[in-house]
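Heads up, the thing below is written out as structure tokens.
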Protein chains: 2
Amino acid sequence: MAANLLNARDMALHACLCAASRPLSAYDLLDARRAAEPRIAPTAIYRSLTKLEKAGLVQRVATLNAWIARPPKLPAEPSVLAICDSCGAVEQVAEAGVIQAVTDAVTRSGFHPNRPVIEVHGHCTRCESETDPTRSAPR
Amino acid sequence: MAANLLNARDMALHACLCAASRPLSAYDLLDARRAAEPRIAPTAIYRSLTKLEKAGLVQRVATLNAWIARPPKLPAEPSVLAICDSCGAVEQVAEAGVIQAVTDAVTRSGFHPNRPVIEVHGHCTRCESETDPTRSAPR
DNA sequence: TCATTTGATGTTACTCTATAACATCTTCGG
DNA sequence: CCGAAGATGTTATAGAGTAACATCAAATGA
Ligand SMILES: [Zn+2]
Ligand SMILES: [Zn+2]
Ligand SMILES: [Zn+2]
Ligand SMILES: [Zn+2]
């Protein structure tokens, strides 16, 4: 056995995501890594991201096809994401009660929940006050 | 003006989604439509889907990159999706209270919510009883 | 009526995201 | 040393979505 342990590359990708102020796509990470590893391929990036996700260190943003680092303080569980469609920032809201409410709701209808994905698009405080509220929101 | 009205093609796509027992990708719909319109292109499919979504007749499933028809009874608002990772069926759970709880949670942290996406992966009643609970869940 | 404009649709080509398939290397037990 | 099992490298391809521009059709107004 001995390797779903994180290696130097995994750590480097995690560091990229920690340093970024917004979610990065796998191909953003690929470009970033190419500086140090010119021959690295998409498969390697996705393998690292999968490992990091299992370790609770990163989380995929389904509605953006992108990835974020998880704050070390939060438990290794999915969180509610608040995604600003103006500046691209993503806030991870630790609201265990809300997640519970969602899984309870689907359980009530006979479903067996396993992996909740909760992402809310909108505007962060800064952008809401700065910009014209009439804006189009990307997918 | 006179055309964000739905045309025959839009209706045909909606009918495909209504008839399907699981979400269809835009390219599934493309293949289906090619029988009647051999030269139709992806752009046309996406244009129709955008129109149908605005009309509240279809909803995108972000975690599957696919589309479902909305039950006519439900209001034209996003619903909580319960996605079975075994059989692929998606149940649309009408739980306005839960959606409100989610938007309230992010509002509490200063965010201005606009478009909530709530999708829960797991197993439907049938699959949970029939199959081995140890399974891998796709993204 | 006819030119102008405006939005819808067709068409081509492309970008971005993700994975399949298979080769190669490494580690470890025997 | 040998073989198995897993990690990693490498190539190629599938799948999702959009940009850009041509073309067409209906509406408008002189
Ligand atoms: Zn913002
Ligand atoms: Zn706003
Ligand atoms: Zn099922
Ligand atoms: Zn289950």
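Note that the structure is a prediction, hence the values are computed from the model and not measured. Within every chain, numbering begins at 1; the chains are lettered A, B, ... in the order of the sequence lines, protein sequences first and strands thereafter.
Distance CD1 (Ile45(B)) to C1' (dT18(D)): 15 Å, rounded to an integer number of Å. Atom-to-atom, NZ of Lys51(B) to P of dA8(C) comes out at 8 Å; the value is rounded to the nearest Å. With rounding to whole Å, Glu37(A) atom CD is found 7 Å from dG9(D) atom P. Separating the CG atom of Leu49(B) from the C1' atom of dG15(D) is a distance of 15 Å, rounded to the nearest angstrom. For the pair Ile40(B) CD1 and dT12(C) P, the interatomic distance rounds to 14 Å; values are reported in whole Å. Remark: P of dC16(C) and CH2 of Trp67(A) are 19 Å apart, rounded to the nearest angstrom. In this structure, Asn65(A) places its CG atom 10 Å from C1' of dG17(D), rounding to the nearest Å.
Annotation: side chain to side chain donor-acceptor pair (under 3.5 Å) contacts of Asp31(B) (sequence neighbours excluded): none. With sequence neighbours excluded, the residues satisfying salt bridge (charged side-chain N to carboxylate O under 4.0 Å, His left out) with Glu95(A) are Arg108(B).
With hydrogens and angles left out, the side chain of Thr43(A) and the base of dT10(D) share a donor-acceptor pair within 3.5 Å.
Proximity of Asn7(A) to the phosphate of dA7(D): no side-chain N or O atom is located under 4.0 Å from OP1 or OP2.
A donor-acceptor contact under 3.5 angstrom links the side chains of Asp85(B) and His121(B), judged on distance only.
Near DNA chain D, meaning a heavy atom under 4.0 Å from it, residues 8-35 of chain B has Ser25(B), Tyr27(B) in order of number.
Along DNA chain C, the nucleotide nearest Ala66(A) and the nucleotide nearest Arg47(B) are compared for position; the residue whose nucleotide lies closer to the 5' end is Arg47(B).
Residues Pro42(A) and Tyr27(A) have side chains in contact (heavy-atom distance under 4.5 Å, counting atoms from C-beta outward). Using a 4.5 Å cut-off on side-chain heavy atoms (C-beta onward), Cys124(A) and Glu91(A) make no contact.
Tested against Ser48(A) for a side chain to side chain donor-acceptor pair (under 3.5 Å), the candidates Asp10(A), Thr43(A), Asn7(A) yield a single pass: Asp10(A).
Using a 4.0 Å cut-off between a side-chain N of Lys or Arg and a carboxylate O of Asp or Glu, Arg9(B) and Glu37(B) qualify as a salt bridge.
Within 4.0 Å (heavy atoms only), Arg39(B) reaches sugar-phosphate atoms of the nucleic acid but no base atom.
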